[in-house]
Student: 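Below is one structure. I have some questions about it.
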Amino acid sequence: MEWLLQYQDFVYYLAIGIIAVGLFQNLVYILQIPFAWRELREHSQFQDTQASWDILTSRSNLLPISILIPAYNESKNIIDSVNSLLSLHYPDFKLIIINDGSKDDTLDQLKSYFDLQPTLRASNSEVFRHAPIRQVYSSPAFSDIIVIDKANGGKADAINAGLASCHTPLFCVMDADSILEPTALINAVRPFIESTNNVVAVGGTVGIANGCEIKNGQVTRFGLPKKFLPRIQVVEYTRAFLMSRLANSRSGTLTLISGAFGIFRHDIVSQVGGFDNTTVGEDMEMVIRLHHHLKAQGVDYEMRYVPDPVCWTEAPETLDILSKQRIRWQRGALECLWRHKTMIFNPKYGRLGMVSLPIVFIIDVIGPIVEFLGYLLIPFFVLTGMLNIHFLFAYMALVFLFGVFLSTIAVLLEQTELERFEKPIDLLRLIIAAFLENFGYRQICNWWRIKGLWRHLMGNKSVWEPMERVGFLNTAD
Amino acid sequence: MTDQIPIFERTLDSVFPDSFDITLLILIWSSSAVLSSTSIAMLAILSWRRVGNEKRKKAKERKAAELDIVLSAIIAKNIYPTHDMMPEATPENIDAVISVVLQYFRNLTSDSVTTLTDVIEAWDIETLIIEKVKTGRRGIRIQAMTVLSYMDTEPSIDVLVAQLKSKDAYIRLAAIRCLTRRRAFAHLDKITSTINTPDQKNRILLTDILQRFGTNGAWAVEKLALDASNSTIRAASLDALKLIGIESLSIPLRPFLQDFDPLVRSAAVALLPMSELDVFHTLINYLTDIDPRVRIQALDILSSFTSSAALLSIARQAGDPDWQVRYKALQSMTSMGAKGDAYLRVVSGSEGSNADIAKAVLSERLAA
């Protein structure tokens, strides 16, 4: 091993670099905590406002919404999903289901259940580009349902087809296999009505439905998943939504509104030409593009996140499906960063350009590589005597102990303000999951992110593939 | 001679002579250990306290249920309540009382609302509610203010007016909503001066508040439109006047029609029928406005004219470069009677994207 000693300085700086990136990431997370806490606290003090009551009682009939549901091979759940959406508590909404060239009988099921009849609908395909529409259907019995059957073009393309036919000032994008809370629209529309600022988009917290009791397409009782993999994802989602997104919402640096649930102003999205159908990260791309456009226009605006669980989704229960999802997420994030690279470290884009996007770059691009190198190199260099044992301790602490700290804080935030987990035993299970997450799960997720990065660099074409799901509707039966 | 250096004894003092790096590394792992164990301990304490919270929560629910029974009995029997009939209200349980009373106010018809205000007077809890408006968490303050907005007493209106000066923007807005519900016309000046600030940017919110002024308070909205230097407030004031449904404007509309902000111009175009101006010819001018939203608004008003000149002007807009304007133009044809329908049929049989719009418009008309 003597030959290694000639690289001692290099090794030292490499180790310092690895520790510095880890430290930077963790400092970012620590700084997010007070922002997230303040946002959450403000929200929880604000549960029963006149505005939400007014929306319920149709006082604010200024804000009708179209819910856009892109569906590809969703025959298993589509009828239950649509039925559950019809019972949303909101005075004025339309469902626009876009069958994106499904190969299964999604369309046939919709046609027979809702007695769909061919119709014509004015469609602004000049602004919103999409694959050809085969036929538009409406239901004589359910006047709030429109079904667009189109050639396959991917999720963003399907959303654009829906947007072209959407004539309401607001629209909501969701996944066909997600479940919305009955009050989802009311909660998510509130920032548009209550904020003193000009709100252009609102995201909501996505919860994991595995383990919940679901009846007639609605979550009737919240519960933790029995399986370990989805349970860890509960901790992960809690951390992502209740810390990162809320903190970003508070500081005006939101870079992502989840494709599973987001409400946007139609006129603003129309100004940027709709969703980009050449990326799998269409949700993040839209948010960054809106920032890009509105900052360039000099418009004062705000994008918000509501901490209420507004939407429930099924988390992958196998490593195979989870890996596909995470690789896709990573690729989506990288595609967005690459497309909007001119915004990074660009003072013209304020906090977003100078703080938020560089952080995304460090955490999503540099972070996984550096962390992976750390796992391999730091123990090796310490064992060979190139580095002091304190390097190993510090690195392990940054990865494992800090990971436990952040996950626990996220659960703590949830418990102090939202109290979703009712049983003390659930809390204990979450603490255990928060601890174990850092031993194995974190590393494998990191590996998938590197794979996503590699595939992005190799230029492989991204394709929208809906996740394989077990299906969770009516678990109470 | 590097092989003589024993393993693990090597430090990097040559780079940081005072072992700064080692100190930093020790600090990193020790503080991480402290933070992670503290957070777990905090979560454990919180779980333990949860048991106590559950008891308090259940006590609150019991109180609410008890109150619910009493209130529903009083309202159902339509009897005049006395203090003795009511459960004891204290600063400790007033939050639960406010919550229940508010739900009742929101769900009751106007006659029963009067009975409920009698209940509050007989119960003598107004002072407790007023105290809640002044301090505490924002949510319960807003609820308390909303309860007061149903009352008819001087102290309650005074406390709502005082909240117009709150540092919390949400409290100020809640106070405005409550005062407009109270029809506190004597305080409209104070309300509009609270609204008239440069930082107001939410047109939806402002319109919703201002339209609550109603016809009796329309003069204050007009004054606000004239005084506001913030264009969002000007646009919202004009929107609110339209929603209030005033018969005629008492302020000149021309300055708003020439506003730099297209949203103000658009809102002003919507008010043209209530103005002193020549509506038709002014509308024609705004069909060529630079902003499509203004052109769409002009088409909307123009569709109420059934003359051939109006039809011709609308038909011209079917050649607009903006899809939304063309859609609006063809949609407007549906209110022009047989001539409009004939026009749509001709367009639907022609080539180009307007044919699809015309077909869809005709189909929507048939469906309606």
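Letters go in sequence order (proteins before strands), and every chain restarts at 1. What you see is a predicted model, and the numbers here were worked out from it, not measured in a lab.
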Student: Heavy-atom cut-off 4.5 Å, strictly under: side chain, backbone, both or neither for B:Ala169 against chain A?
Tutor: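 Just the side chain, heavy atoms under 4.5 Å.
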Student: Side chain, backbone, both or neither: which part of A:Glu126 has a heavy atom under 4.5 Å from chain B?
Tutor: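 Contact with chain B is through the side chain of A:Glu126 alone.
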Student: Which answer fits A:Leu428, side chain, backbone, both or neither, if we ask what part of it has an atom under 4.5 Å from a heavy atom of chain B?
Tutor: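 Contact with chain B involves no heavy atom of A:Leu428 at all.
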Student: Among B:Thr38, B:Leu43, B:Asp199, B:Ile28, which residue forms the greatest number of heavy-atom pairs with chain A at distances under 4.5 Å?
Tutor: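 Ranked by contacts with chain A, first place is B:Leu43.
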Student: Would A:Glu39 and A:Arg41 pass as an ion pair if we require N to O under 4.0 Å?
Tutor: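 A salt bridge is absent here (no side-chain N lies under 4.0 Å from a carboxylate O).
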Student: Can A:Phe400 and A:Phe439 be said to form a ring pair (Phe, Tyr, Trp, His ring centres under 6.0 Å), step by step?
Tutor: CA-CA 7 Å; A:Phe400 299 110; A:Phe439 302 91; 4.7 Å; yes
Student: Taking every heavy-atom pair that is under 4.5 Å apart, which of B:Leu27, B:Ile357, B:Leu35, B:Asp239 has the most such pairs with chain A?
Tutor: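 The answer is B:Leu35.
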Student: Hey, can you tell me if B:Tyr150 and B:Phe105 have their rings parallel, tilted or perpendicular (30° and 60° cut-offs)?
Tutor: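 Ring orientation, 0 to 90° scale: parallel.
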Student: Considering non-hydrogen atoms only, spot the tightest contact between A:Leu398 and B:Ser32 and give its length.
Tutor: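 Residues A:Leu398 and B:Ser32, closest heavy atoms: N-OG, 4.5 Å.
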Student: Counting only heavy atoms closer than 4.5 Å, note whether B:Ser31 contacts chain A via side chain, backbone, both or neither.
Tutor: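 Neither part; nothing is under 4.5 Å.
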Student: For chain A, which candidate among B:Arg326, B:Gln331, B:Arg293 shows the most heavy-atom pairs at distances under 4.5 Å?
Tutor: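 The residue among B:Arg326, B:Gln331, B:Arg293 with the greatest pair count is B:Arg326.
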Student: Give a yes or no on whether the backbone of A:Gly22 and the side-chain of A:Asn26 come within a donor-acceptor separation of less than 3.5 Å.
Tutor: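 It does hold such a pair.
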